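Structure in structure tokens, see below.
Ligands are counted one by one from 1 in listed order, and the atoms in each one are counted from 1 as well. Keep in mind that this is a model prediction, so the values were computed, not measured.
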Amino acid sequence: MPKRDAEVLVIGSGAGGSVTALELARAGLDVIVLEEGREHALTDYGAPAPRAMRALYRRGGMTPILGRTPIGYVEGCCVGGSTEINSGFWHRAPREVLLRWKTQYGLADASEEELAPHFDWAEEALGVGTSDRPWPRSTELFARGVERMGWSYQEVPRAAPGCQSTNACAQGCPTGAKSGMSRSVLPQARAAGARVIAGVRVLQLLTRGKRCTGVIARRTNPDGSSELLRFEAEHVFVCAGPTETPSLLRRSGIRRRVGNTLRVHPYLKVAARFDENVDAHAHVLPLLQVKEFWPELSLGGAFCTPGQLAMTLAENWRENRDEMRHHRQLAHYYVGVRGSGRGWVRPAFFGADSTLIGYRLSEQDVIHLSAGLARLAALLLAAGAKAVHPSVAGLPSIETDSAAARWLTEPLPKTGLGLVTVHAFSSCPMGEDESECAADSFGRLYGYENLRINDASMLCDSPGVNPQGTIMALARRNAQAFASAPR
Ligand SMILES: Cc1cc2nc3c(=O)[nH]c(=O)nc-3n(C[C@H](O)[C@H](O)[C@H](O)COP(=O)(O)OP(=O)(O)OC[C@H]3O[C@@H](n4cnc5c(N)ncnc54)[C@H](O)[C@@H]3O)c2cc1C
């Protein structure tokens with residue numbers, strides 16, 4: 001088996017891995033990034049959804065989260081990871097969340113003030129800001145509904161300077177306006193000397209006592225052939241994302257507090273029909289969020305294509321299928337909750353490539369989703385929607401305020417909920433409380449001297465806001481702390 005060496009191996013090139021590679025390479029370390037997915041040219045981005053999903057998504061976009069209420073989940077599998085297919089919405093970790101992490105998990109040195117320089121840096125590097133174009137109609141209608149409800153909204157900054165509103169975020173931004181890692185941080189990491197090797201899946205970490213000595217990986221060639229490779233390194237950072245990081249650790253025999261505490265933000269989508277052509281599918285997704293009811297729940301706009309609308313309507317397809325004739329009048333919105341349930345991640349018994357994920361939706365999650373649906377439907381009716389179709393099996397369309405208000409006090413049927421998520425984290429929480437955490441406050445796994453995590457898996461629990469900013473800020477803090485410490 002061929003063998004390669006580096007001072008530091010970084011596994012995964014998403015939000016966490018790219019930042020790690022950049023900071024360590026800038027500090028003069030010899031860094032190799034191993035990325036399972038392939039690297040794509042800008043001209044490959046924005047392809048029709050089935051092709052884009054095969055190229056950029058893990059398992060072509062088919063990753064169920066198992067449970068009594070299953071949740072549809074997707075994540076990226078390409079150079080740049082999920083940042084290549086995300087919407088680029090940007091939040092800083094709220095002060096309240098950081099205080100909770102400090103109190104409940106003993107997370108040290110991660111106050112709002114301590115993280116501020118890392119957020120400043122990331123926002124500059126990614127060109128985070130609000131849009132300078134007129135809002136699309138789906139955004140305007142949402143704003144009108146919020147105002148009529150007497151609530152407030154905020155346009156959420158995005159990591160997409162110069163967004164051309166092509167509505168192709170989820171297929172890889174074809175104009176290059178979105179600052180996915182492949183277009184922003186990774187080129188800087190490469191310029192600083194990091195080597196990125198794509199198409200290489202790490203199958204196992206090699207450990208001896210308290211040290212990780214390297215990895216066994218499989219390179220798959222474009223013609224389908226594959227070969228096993230062995231890489232040795234002095235330090236290893238696992239940044240394979242919220243599901244694959246715990247899966248790889250457990251497959252390698254590292255199980256302490258690993259993969260038992262997955263958190264997600266569960267989302268319930270609705271399709272709203274207006275009596276005008278909104279053409280939501282032809283523009284960037286609605287840019288506003290309502291944080292009036294945070295931290296329990298948030299309301300906002302969802303990615304909208306005819307295919308996405310059909311998936312939402314599919315929960316009650318017989319009743320709703322004719323709505324697809326009016327798809328130009330439909331727009332897509334969501335209620336998202338912080339997620340107080342817990343999940344688990346395990347490598348599947350069958351083969352080294354599969355990971356099983358489960359999540360138990362809490363009763364609290366159901367109550368918040370129900371109240372959120374009531375508020376979202378009321379908002380959309382106030383905005384002028386004629387019908388609101390929730391992704392809940394057996395639930396009739398909501399056409400009146402009283403039909404909406406019902407769900408303020410009554411829980412939705414748990415097993416009928418058609419939930420989705422793109423935000424997963426906390427499967428290996430970090431902090432000084434060893435009874436709760438897999439890693440210390442800077443991502444070093446307990447029990448190991450040179451093995452670290454530095455991605456979404458390290459968040460203590462749900463941030464309740466879009467997570468990429470928090471992941472990047474913490475990853476940079478951790479990498480800088482590592483690089484400046486004596487080794
Ligand atoms: C469709 C979508 C929309 C989203 N929208 C937003 C948004 O608007 N705002 C926001 O803040 N967040 C958003 N997110 C979430 C955000 O993108 C993620 O939270 C973030 O990218 C996670 O960073 P990460 O480094 O943990 O994992 P990722 O960015 O997913 O990177 C992990 C990388 O590791 C690689 N990998 C996995 N296993 C292995 C292995 N064994 N060997 C080698 N490589 C491996 C993967 O292929 C992947 O490239 C969205 C996500 C998706 C999928």
(message) On a heavy-atom basis, I'd like to know which of Val465, Asn86, Ile471 is closest to atom 6 (C) of ligand 1.
(response)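 Considering heavy atoms of Val465, Asn86, Ile471, the nearest to atom 6 (C) of ligand 1 sits in Asn86.
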(message) Would Leu248 count as being in polar contact with ligand 1, using the rule that some N or O on each side must be under 3.5 angstrom apart?
(response)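 By distance alone, the answer is no.
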(message) Measuring only between side-chain heavy atoms, which start at C-beta, is Leu248 closer than 4.5 Å to Ile11?
(response)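 Yes, side chains in contact.
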(request) Looking only at distances, please establish whether an N/O atom of ligand 1 is found under 3.5 Å from an N/O atom of Ala424. (result)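 No; every N/O pair is 3.5 Å or more apart.
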(request) Measure the distance from atom 41 (N) of ligand 1 to every protein heavy atom, then report the residue, atom name and distance (to 0.1 Å) of the closest one. (result)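 Scanning the protein heavy atoms, the shortest distance from atom 41 (N) of ligand 1 goes to Val202 O, 3.0 Å.
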(message) Can you see whether Phe442 has Arg452 sitting over its ring - NZ or CZ less than 6.0 Å from the centre and within 45° of the normal?
(response)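 No; the conditions do not both hold, so Arg452 does not lie above the ring face of Phe442.
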(request) Give yes or no for whether the N/O distance cutoff of 3.5 Å, strictly under, is met between Ala15 and ligand 1. (result)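 N/O-N/O distance under 3.5 Å: yes.
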(request) Measure from the ring center of Phe293 to the ring center of His368 and say whether it is less than 6.0 Å. (result)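 No, too far apart.
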(request) Only one of Ile216, Ile197, Leu206, Asp5 passes side chain to side chain contact (heavy atoms under 4.5 Å, CB included) with Phe231; say which it is. (result)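 Looking at Ile216, Ile197, Leu206, Asp5, the match for Phe231 under the side chain to side chain contact (heavy atoms under 4.5 Å, CB included) is Ile197.
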(request) Return yes when Ala170 approaches ligand 1 closer than 4.0 angstrom through a heavy atom, no otherwise. (result)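 It does not, in that no heavy atom of Ala170 comes within the 4.0 Å cut-off of ligand 1.
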(request) Could you tell me the residue and atom name of the protein heavy atom closest to atom 31 (O) of ligand 1, and the distance to it rounded to 0.1 Å? (result)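 Looking only at protein heavy atoms, the one closest to atom 31 (O) of ligand 1 is Gly14 CA, 3.3 Å.
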(message) Within the structure, is a non-hydrogen atom of Val200 found at a distance of less than 4.0 Å from ligand 1?
(response)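 Val200: in contact with ligand 1 (<4.0 Å).
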(message) Checking the N or O distance criterion of under 3.5 Å, is ligand 1 in contact with Gly88?
(response)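 Yes; at least one N/O pair falls below 3.5 Å.
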(message) Measuring from atom 21 (O) of ligand 1, which candidate in Cys77, Ser82, Ala456 has the nearest non-hydrogen atom?
(response)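 Result: the heavy atom closest to atom 21 (O) of ligand 1 is in Ser82.
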(message) For Asp109, give me all partners under salt bridge (charged side-chain N to carboxylate O under 4.0 Å, His left out), at least two apart in sequence or on another chain.
(response)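 Once residues adjacent in sequence are excluded, Asp109 has no partner under the salt bridge (charged side-chain N to carboxylate O under 4.0 Å, His left out) criterion.
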(request) Assess Arg158 against Phe89: is NZ or CZ under 6.0 Å from the centre of the six-membered ring, and within 45 degrees of the ring's axis? (result)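 Flagged: Arg158 positioned over aromatic ring of Phe89.
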(request) Indicate yes or no: does an N/O atom of Glu35 lie under 3.5 Å from an N/O atom of ligand 1? (result)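 By distance alone, the answer is yes.
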(message) Under 3.5 Å between any N/O of Gln468 and any N/O of ligand 1: does that happen in this structure?
(response)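 Yes, Gln468 has an N/O under 3.5 Å of an N/O on ligand 1.
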(message) Can you report which non-hydrogen protein atom sits closest to atom 39 (C) of ligand 1, along with the distance?
(response)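 Its nearest protein heavy-atom neighbour is Glu36 OE1, 3.5 Å.
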(request) Tell me, please: is His91 in heavy-atom contact with ligand 1, that is, under 4.0 Å? (result)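 The answer is no, since His91 has no heavy atom less than 4.0 Å from ligand 1.
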(request) Could you tell me which atoms of ligand 1, counted from 1 in the order shown, lie closer than 4.0 angstrom to a heavy atom of Asn466? (result)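 Answer, ordered by atom number: 7 (C), 8 (O), 9 (N), 10 (C), 11 (O).
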